[in-house]
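This report refers to the structure that appears directly beneath it.
In the text below, chain A, chain B and the rest are named by the order of the sequence lines, each starting its count at 1.
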Amino acid sequence: MKNVLMATAATLLATTAMAEVNIGNPMAMTGPIPDLNAPIAQAVDLAATHINDQGGMFEAGEAFNIIRADSACDPVAAVDAVTKLINVNGVAAIVGPVCSGAAIAQAESVSIPAGVVTLSVSASSPAITSMEDGTDLVFRAAASDAYQGVALAELAMANGMMDIAVSYANDDYNAAIAEVFVKAYQGMGGTVTANEAHEPNKASYRSEVATIGATSENLALFSYYGSGGITLMRNALETGAFMNFIGADGMLSDELIEQIGAENLMTSTFTTSASDSSTPSFAAWAELADAAGVPASDPFVANGYDATFMMALAIEHAGSADREAIAESLRAIASGPGVMILPGQWAEAKVLLAAGFNINYEGAAGNQDFDENGDVAGNFSKSTIVDGAWAAELIQ
Amino acid sequence: MEAYVGYFLYFLSLLTVGGIYAIFALGLNVQWGFAGLFNVGIVGFAAVGAYTYALLTTAGSTFHLGGFGLPLPFGMFMGMALSGVIAGLIGLICIRLRSDYLAIATIGIAEIIKLILKNETDITNGPRGINKIPRAWEHFSETRFYTDWPMSWFGTPENWEAFFDSLPNWYWQPLFAATIILSMYVIYRMLERARTSPWGRMMTAIRENEPAARAAGKDVTRRRIEAFVIGASIMGLAGALFAQHLRLIEPTNTFDPSKVTFLVWVMLITGGSGNNRGAILGAFLIWTIWSASELVISGGIELVENIFSTLDPSILQTRAGFLRMMLIGILMQVILQRYPGGILPEVRPASPKAENDTREPTGETK
């Protein structure tokens with residue numbers, strides 16, 4: 001009797017394992033950035049819906065499942081969440097962590113030792129480029145801050161700012177991008193008159209502004225609008241310490257216009273990683289996203305869709321949900337040569353792969369060709385105030 | 001079969017993290033359970049241990065000072081030692097403060113330590129932290145180990161290579177978990193010995209009635225500093241093990257007081273402060289609840305979806321993380337309501353004299 005039960009249980013386990021492809025998706029559901037995270041999670045689910053509606057995985061049409069976990073933007077939670085995904089849920093690959101610290105910790109602690117591929121949605125830290133020793137298991141669908149820092153430095157030079165003061169929030173994201181910016185800007189011949197960190201979430205930044213205010217008319221501000229960036233900018237405007245502002249995507253929001261007023265932001269420019277909206281890929285994505293009610297242009301939402309779609313393509317290309325073959329397949333489907341596949345074209349891709357053709361996925365957020373470190377080059381846009389609202393223009 | 005290996009590995013990870021938290025809780029038990037020192041700066045000592053270990057043992061890097069690539073046990077020992085030294089200096093200044101004032105002082109010190117780690121960018125890589133921290137046992141399959149002594153005494157490099165190839169890629173995981181459980185057990189035995197010794201009884205006397213202990217001629221200040229330093233070095237060791245487990249440490253999220261200080265306090269209070277077994281039980285219990293609740297809740301959501309098929313599942317899924325925190329909070333309330341003294345309350349060792357008087361082996365009395 002016992003044997004019969006055991007055999008039944010084993011068969012059940014085996015059949016459920018056969019009939020589905022499971023992908024782990026640790027997202028920052030709680031923690032410091034749930035509002036940024038929510039539309040990205042919607043985009044991940046949208047990609048899964050498209051895949052399942054257009055025939056599912058492999059010949060048998062197996063279901064493509066997203067198993068979501070909470071990485072809370074925190075190394076401790078991310079390591080725990082990914083341990084469960086890999087060991088208990090037995091996922092084939094990780095599409096995931098939103099924050100860089102969480103992504104690095106889960107990769108080094110869990111997924112690389114287990115031989116599981118990670119494709120991060122939005123981890124942008126330059127440290128991810130150099131973190132692997134001889135393995136090829138970590139990829140990301142968002143551009144490194146190293147690129148955005150350089151783009152911003154070029155923008156500052158193009159705007160004729162020959163000297164600049166730098167103030168950055170002392171967190172991993174803003175400190176990293178400020179460092180890249182300073183290096184690139186100095187390399188182009190600019191003078192950095194001050195380079196100071198500020199602690200996030202303070203009630204007033206008058207002393208910080210006063211310290212660096214006398215040195216230059218221009219301020220490069222790296223901060224999150226929600227955790228002190230707006231206050232610092234208001235203090236800088238009130239005291240008249242700075243005339244011109246530039247910054248990265250942490251500051252770009254409509255909240256800034258509401259709090260500070262469009263008329264005071266006429267001299268401000270902020271870059272953000274952006275999608276080139278003139279490409280057919282973006283047009284295809286925007287149509288799909290609008291139909292599903294997902295905000296197509298919000299930060300990293302397109303990257304979330306791309307990452308999930310590419311992971312599914314890679315597994316389809318590998319022919320099975322075995323963990324070993326996925327990394328190689330991921331490179332194969334993302335870069336040319338091959339037939340171009342746009343967001344949402346799952347049925348087409350499936351037919352081509354079954355017939356043995358090469359495909360090249362052109363993502364909503366960019367071309368998504370991985371370099372040898374598993375990084376992608378991104379597009380950036382600059383946003384300025386036009387008629388009281390942010391207007392973006394592609395710069396790279 | 002593979003599924004069972006997965007469950008086994010998850011069980012090992014529960015043992016690993018639970019064991020690390022148990023070491024934290026044992027350290028806090030020396031300070032609070034034995035000596036009544038209200039330390040709310042656990043996260044500071046954890047960070048000192050973790051950063052010392054990371055800087056000493058990590059391979060050379062351009063991001064931070066060093067890494068010096070020193071042997072891992074040396075790194076762990078130095079983490080312990082430095083944490084103890086810092087606790088000693090703090091103790092000399094602050095230990096005379098009454099309990100709630102000591103609490104404020106330790107919060108402040110923990111924040112100072114975190115701010116130093118965050119702002120001394122040249123040494124610690126600032127808010128971006130240190131990664132590639134080596135983990136015990138994981139690196140023995142690398143060539144540089146088995147071509148050198150002492151491993152080369154036991155086999156040729158070819159033999160070692162064949163041996164490591166025959167092992168599954170998670171071979172280090174049981175060994176790492178065993179190392180942590182063993183460290184925890186050794187600390188537990190040492191603290192049990194201390195607790196039942198005259199030193200332990202003196203600690204209880206100081207905690208319960210300081211003027212009386214002073215009147216009896218005990219050097220109260222010195223004993224309190226001793227307990228503070230011993231507890232802090234144990235926390236330093238736990239911090240070093242924490243760094244090994246995570247392999248990336250950074251000052252903001254890794255050493256968030258709500259996830260270290262608060263959680264360790266909950267573990268000790270739930271398990272029973274003053275009782276070393278209680279500290280260990282509390283740590284494993286709370287961590288298992290914390291970690292496994294995610295699986296339980298996602299299972300529950302699936303069930304709800306299947307029953308109420310008209311409901312939009314995404315509504316529940318986006319709230320699962322918050323639901324989990326709420327359920328954990330409620331569960332802790334229930335445990336604390338049900339067991340006010342902790343699940344395993346403190347048991348005082350009987351003094352040898354009392355045993356002689358009653359003439360019967362009463363063992364332990366309340």
Side-chain angles (χ1 to χ4, degrees), chain A residues 10 13-14 17 27-32 34 37-38 41-42 45 67-70 72-81 83-84 86-90 99-102 104-110 112-115 125-127 130-131 133 169-176 179 197 199-200, chain B residues 1-14 16-17 59 61-63 115 118-119 121 125-129 131-133 135 138 142 169-170 172-173 242 244-254 256 259-260 287 290-292 294-295 298 314 317-322 324-325:
Chain A
L13 274 173
M27 298 288 267
M29 306 304 287
T30 62
N37 177 79
Q42 282 182 325
D45 290 341
I67 299 181
R68 182 149 299 148
D70 184 11
C73 212
D74 160 25
V76 187
V79 167
D80 181 46
T83 305
K84 281 179 280 192
I86 289 179
N87 292 325
V88 179
N89 301 112
C99 301
S100 299
I104 296 174
Q106 68 87 11
E108 290 195 349
S109 178
V110 193
I112 294 179
S125 166
S130 62
M131 69 181 266
D133 294 318
N170 209 357
D171 59 51
D172 54 350
Y173 171 73
N174 288 301
E179 189 184 312
E199 283 302 310
Chain B
M1 184 59 211
E2 237 172 77
Y4 299 118
V5 173
Y7 287 121
F8 174 62
L9 292 182
Y10 177 55
F11 174 69
L12 284 180
S13 90
L14 284 180
T16 308
V17 187
S61 160
T62 50
F63 291 119
L115 282 175
K118 202 168 165 186
N119 287 295
T121 315
N125 198 24
R128 277 180 290 158
N131 66 342
K132 293 187 181 172
I133 299 169
R135 180 157 50 190
E138 201 179 347
E142 289 171 13
N169 62 358
W170 45 265
W172 53 271
Q173 220 161 319
F242 206 45
Q244 294 189 41
H245 167 65
L246 294 175
R247 305 206 60 200
L248 167 127
I249 49 170
E250 40 81 53
T252 323
N253 292 316
T254 319
D256 180 0
K259 286 183 198 114
V260 185
W287 178 255
W290 182 271
S291 173
E294 188 165 26
L295 297 170
S298 62
S314 65
Q317 269 167 6
T318 47
R319 284 159 180 74
F322 301 98
R324 178 183 168 207
M325 303 236 165

If you count heavy-atom pairs under 4.5 Å between each of B:Thr121, B:Asn131, B:Thr254 and chain A, which one has the most?
B:Asn131
Below 4.5 Å, heavy atoms only, C-beta onward: do B:Ile133 and B:Ile249 meet side chain to side chain?
yes
Bottom line for B:Gln244: the part with an atom under 4.5 Å from chain A's heavy atoms is neither
Taking the side chain as every heavy atom from C-beta outward, state whether B:Leu295 and B:Tyr10 have any pair of such atoms under 4.5 Å apart.
yes
So, the side chain of A:Asn170 versus the backbone of A:Pro200: is there a donor-acceptor pair under 3.5 Å, distance only?
no
Highest number of heavy-atom pairs under 4.5 Å with chain A: which of B:Glu138, B:Lys118, B:Glu250?
B:Lys118
What part of B:Lys132 lies closer than 4.5 angstrom to a heavy atom of chain A: side chain, backbone, both or neither?
both
In the structure I gave you, are the side-chain heavy atoms of A:Ser109 and B:Leu248 within less than 4.5 Å of one another anywhere?
no
Donor-acceptor side-chain pairing of B:Arg128 and A:Ser100 below 3.5 angstrom:
no
Per-residue contact mode, A:Ala114 against chain B (heavy atom under 4.5 angstrom):
backbone
With a 4.5 angstrom heavy-atom cut-off, which part of B:Ser298 approaches chain A: side chain, backbone, both or neither?
neither
With a 4.5 angstrom heavy-atom cut-off, is it the side chain or the backbone of A:Ala69 that approaches chain B, or both, or neither?
both
Most heavy-atom pairs under 4.5 Å with chain B, out of A:Val110, A:Ile67, A:Asp80, belong to A:Asp80
Between A:Ala175, A:Ala176, A:Gly101, which has the largest tally of heavy atom pairs under 4.5 Å with chain B?
A:Ala176
Which residue out of A:Val88, A:Asn37, A:Asn89, A:Ile86 racks up the most heavy-atom pairs below 4.5 Å with chain B?
A:Val88
Given that the side chain runs from C-beta out, which part of B:Phe63 has a heavy atom under 4.5 Å from chain A: side chain, backbone, both or neither?
side chain
Pairing residues for B:Leu115 by the side chain to side chain contact (heavy atoms under 4.5 Å, CB included) criterion, not counting sequence neighbours
A:Glu199, B:Asn119
Would you check if A:Pro113 and B:Arg135 make a side-chain contact, meaning some heavy-atom pair closer than 4.5 Å?
yes
Among B:Ser13, B:Ala292, B:Gly129, B:Ser291, residue most engaged with chain A (heavy-atom pairs, under 4.5 Å):
B:Ser291
Residues in side chain to side chain contact (heavy atoms under 4.5 Å, CB included) with A:Thr30, at least two apart?
A:Asp70, A:Ala72, B:Phe322, B:Met325
